[in-house]
Amino acid sequence: MKPKTILAAIIFLSGSSQVWAAPATVYDAANNQKSLEQRVAELEKMMTNRNRVQADLQLQLQQLQDEVSQVRGFTDEQSYKLEKVLQRQRELYQEIENRVSQVYEQTKSDIAATAIPTVGEQAVSSNLSENEAYDRAVALIMKDKRYDAAIPEFQNFLQQFPESVYIPNAHYWLGQLQSIKSKPAEAIKHFTIVVEQFPDSNKRPDAMLKLGTLAANAGDKTKATQLFNALIKEYPSTTAAKLATERLSKL
C-alpha cells in the first residue's frame, strides 16, 4: 500500500473514533442532570415533611397552652370559692361567739332562776347513755340557752364517762361557759386540759384560740402572742388559725 493511502486510512480511523466517542459525553451529562434533579426533588420533599412536622408540633404546643390556661383558670376560680367559704366560716364563728355572749347577758337573770340542781342532786343524767348525756348537755347551750344549767350537766358527764370520746369536747364547753360567766381562771383550766391532754382532738385549735384570747384580755401580750403563733403554725388551714392571725395583728 502506498504511503499516502496508509496516511489517509489513519486519518479516517482517527476521525471515526472521535465521532463514536461523542454520544457517550452527551449520555453522561444527561445522567448527571437527572441525578441533580432527583436530589433537588428529594430535598424539596424533605423540606416539605419538616415543615409539616413543625406545623404539627406548633399546633400541639398551642393546644397544650390552651389546656394549661383552662386548668389555671379553673384553679383560680376554685381558690377564690374556697377563700369565700373560709371567710364565711370565720364570720359565722365570730357571729356565734357574739350571739352567745349577747344572749347570756340578756337572759342572765332568767337563767339563774331556772338553773337545775347541783351535780350531786341530779338523777336524770345518771341513767342516760353516753351519747344521750352529751347531747342533753349540749342542748342546754344551743337549744335552751340555759348556760348555768349546762355547767353541772357537763361536770356530771365528766364524772360518769371519764373514758368517753367526748371528754375533750366537754372540757371545751365548760371553758366556754366559764368564760361567759367571767371566770377566766376556770375557763383557762378547762381549755388547758384540751390543749395539753388531747392533742388529737378537733377542739384543740379552738381551745388554743380561747387561751390566747383570754391572755390578751388579761393584758398578757407575750402569752397571747405565743399561743396565737403556735396555733397558726400547728393548724394553718383552720378557721381558728385565721382568727388568731387577725387577733395577733391587733395586739
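Every heavy atom of this structure was used, including side-chain atoms; hydrogens, water molecules and symmetry mates were not. Residue indices begin at 1 and follow the sequence shown. Keep in mind that what you see is a predicted model, and the values were worked out from it rather than measured.
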How close do [X] and [Y] get, counting heavy atoms only, and between which atoms?
X      : Y      : value
Ala137 : Ala150 : O-CB, 4.1 Å
Val138 : Trp173 : CG2-NE1, 4.1 Å
Ile193 : Phe198 : O-CD1, 3.6 Å
Tyr134 : Asn169 : OH-CB, 3.2 Å
Leu227 : Gly212 : CD1-N, 3.5 Å
Ala216 : Ala224 : N-CB, 3.7 Å

Please test Arg247 against Leu209 for side-chain contact (heavy atoms from CB on, under 4.5 Å), starting from the C-alpha separation and ending with a verdict.
-> CA-CA 9 Å; Arg247 296 180 187 183; Leu209 178 66; 3.9 Å; yes
Kindly compute the distance separating [atom1] ([X]) from [atom2] ([Y]), expressed to the nearest 0.5 Å.
X      : Y      : atom1 : atom2 : value
Arg136 : Glu153 : CZ    : CD    : 4.5 Å
Leu251 : Asp220 : CG    : CG    : 10.5 Å
His171 : Leu158 : NE2   : CG    : 4.5 Å

Considering only heavy atoms from C-beta outward, does the side chain of [X] approach that of [Y] to under 4.5 Å?
X      : Y      : result
Met208 : Tyr235 : yes
Tyr147 : Leu140 : no
Lys181 : Ile151 : yes
Ile232 : Leu248 : yes
Phe157 : Ser164 : yes
Thr225 : Asn229 : yes
Glu186 : Leu177 : no
Glu130 : Tyr166 : yes

Output yes when Arg204 and Glu234 qualify as a salt bridge under the 4.0 Å nitrogen-oxygen rule, no when they do not.
-> yes
Can you list the steps and then say if Thr213 with Phe191 is a side-chain contact (heavy atoms from CB on, under 4.5 Å)?
-> CA-CA 11 Å; Thr213 302; Phe191 288 137; over 6 Å; no
Strictly by modelled atom types, are Ser179 and Gln176 linked by a side-chain donor-acceptor pair under 3.5 Å?
-> no
